[in-house]
S.K.: 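For reference, the structure I am asking about is given below.
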Amino acid sequence: MSYDVYIGREHFSYTYNLSKLFHTHLRGAGERTGIQALDDLTGREAADIISRGMDSIEQEMLSTWRHEEVGQPEFLAKYDAPNGWGSTIGAVIFLARLMDACRRHPRSRVEVS
């Protein structure tokens, strides 16, 4: 299973296996969290949520950093899919690409399915 996200004429997809990362760091209005928090928002609104989420990801990553460790192993181990279908790095790249598309389409609506 995967998230399918559309904005403008662009389509993005990423595995549900990283939902823990998305629900931890993407916070929408009210109780909405994760990729679903972006559904029916404008690109501008969604980009702002993703940007705050990226800041949150960075803060957690820095809080788990240990001197002389390369590659943030503690942070990655928390979110990487044990079955190998999806990685924290892949999820962050997905979010960056989606945020970029949202900025290119600030008035379009995001659709998440």
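For clarity, every value in this text was computed on a predicted model and none was experimentally measured.
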S.K.: Under 3.5 Å, side chain of S51 to main-chain N/O of A47, donor-acceptor pair present?
M.R.: no
S.K.: Where is the tightest heavy-atom contact between A101 and E10, given as atom of each residue plus distance?
M.R.: CB-OE1, 3.7 Å
S.K.: Is any side-chain heavy atom of T64 less than 4.5 Å from a side-chain heavy atom of Q72?
M.R.: yes
S.K.: Under a 4.5 Å cut-off applied to non-hydrogen side-chain atoms, are V5 and V110 in contact?
M.R.: yes
S.K.: Donor-acceptor pair, distance only, cut-off 3.5 Å: does the side chain of S13 make one with the backbone of Y3?
M.R.: yes
S.K.: Would M1 and F12 show up in the same hydrophobic cluster when neighbours are defined by side-chain heavy atoms closer than 4.5 Å?
M.R.: yes
S.K.: Please name all residues satisfying salt bridge (Lys or Arg N to Asp or Glu O under 4.0 Å) with D100, sequence neighbours left out, ordered by chain then number.
M.R.: R104
S.K.: Looking only at heavy atoms, what is the nearest atom pair of G43 and I7, with distance?
M.R.: CA-CD1, 3.5 Å
S.K.: I'd like to check R109 versus E45 (side-chain heavy atoms, cut-off strictly below 4.5 Å). Are they in contact?
M.R.: yes
S.K.: Does anything in residues 87-112 pair up under ring pair (Phe, Tyr, Trp, His ring centres under 6.0 Å), and if so which pairs, sequence neighbours excluded?
M.R.: Y14-F94, F22-F94
S.K.: Can you give me every donor-acceptor pair (side chain of residues 78-86, partner residue at least two apart or in another chain, under 3.5 Å) with its distance?
M.R.:
unit_1: K78; atom_1: NZ; unit_2: E60; atom_2: OE2; d: 2.7
unit_1: Y79; atom_1: OH; unit_2: H25; atom_2: NE2; d: 3.3
unit_1: Y79; atom_1: OH; unit_2: E60; atom_2: OE1; d: 2.7
unit_1: Y79; atom_1: OH; unit_2: E60; atom_2: OE2; d: 3.2
unit_1: D80; atom_1: OD1; unit_2: T88; atom_2: N; d: 2.7
unit_1: D80; atom_1: OD1; unit_2: T88; atom_2: OG1; d: 2.8
unit_1: N83; atom_1: OD1; unit_2: N17; atom_2: ND2; d: 3.4
unit_1: N83; atom_1: OD1; unit_2: W85; atom_2: N; d: 2.9

S.K.: Find out if a path of hydrophobic residues (ILVMFWY) with successive side-chain heavy-atom gaps under 4.5 Å connects Y6 to I35.
M.R.: no
S.K.: Any chance you could lay out the side-chain contact (heavy atoms from CB on, under 4.5 Å) test for H11 and D4, step after step, and finish with the verdict?
M.R.: CA-CA 7 Å; H11 170 248; D4 288 304; 3.0 Å; yes
S.K.: A91 and L18: which non-hydrogen atoms are nearest, and at how many Å?
M.R.: CB-CG, 3.9 Å
S.K.: Let me confirm one number: the CD-CG distance from Q36 to D39, rounded to the nearest 0.5 Å.
M.R.: 8.5 Å
S.K.: Looking only at non-hydrogen atoms, find the nearest pair between L26 and G53 and report the distance.
M.R.: CD2-CA, 4.0 Å
S.K.: So, using ring-ring contact (aromatic ring centres under 6.0 Å, His included) as the criterion, who are the partners of H23 when residues are at least two apart?
M.R.: none
S.K.: Does anything in residues 26-56 form a ring pair (Phe, Tyr, Trp, His ring centres under 6.0 Å)? List the pairs, not counting sequence neighbours.
M.R.: none
S.K.: Go through the steps to decide whether R103 and D48 satisfy the test salt bridge (Lys or Arg N to Asp or Glu O under 4.0 Å), and finish with yes or no.
M.R.: CA-CA 9 Å; R103 298 243 190 254; D48 289 345; 3.6 Å; yes
S.K.: I want to check something: taking the side chain as every heavy atom from C-beta on, are I49 and L38 in contact at a cut-off of under 4.5 Å?
M.R.: yes
S.K.: State which residues pass salt bridge (Lys or Arg N to Asp or Glu O under 4.0 Å) with R107; sequence neighbours excluded, sorted by chain then number.
M.R.: none
S.K.: Can you name the nearest heavy-atom pair linking M99 to I50, along with the distance?
M.R.: CB-CG2, 3.7 Å
S.K.: With a 4.5 Å cut-off on side-chain heavy atoms, are F75 and I57 touching?
M.R.: yes
S.K.: Heavy atoms only: give me the nearest R27-R52 pair and the separation to one decimal.
M.R.: O-NH2, 4.0 Å
S.K.: Could you measure the distance from the OG atom of S56 to the CE atom of M61? Nearest 0.5 Å is fine.
M.R.: 11.5 Å
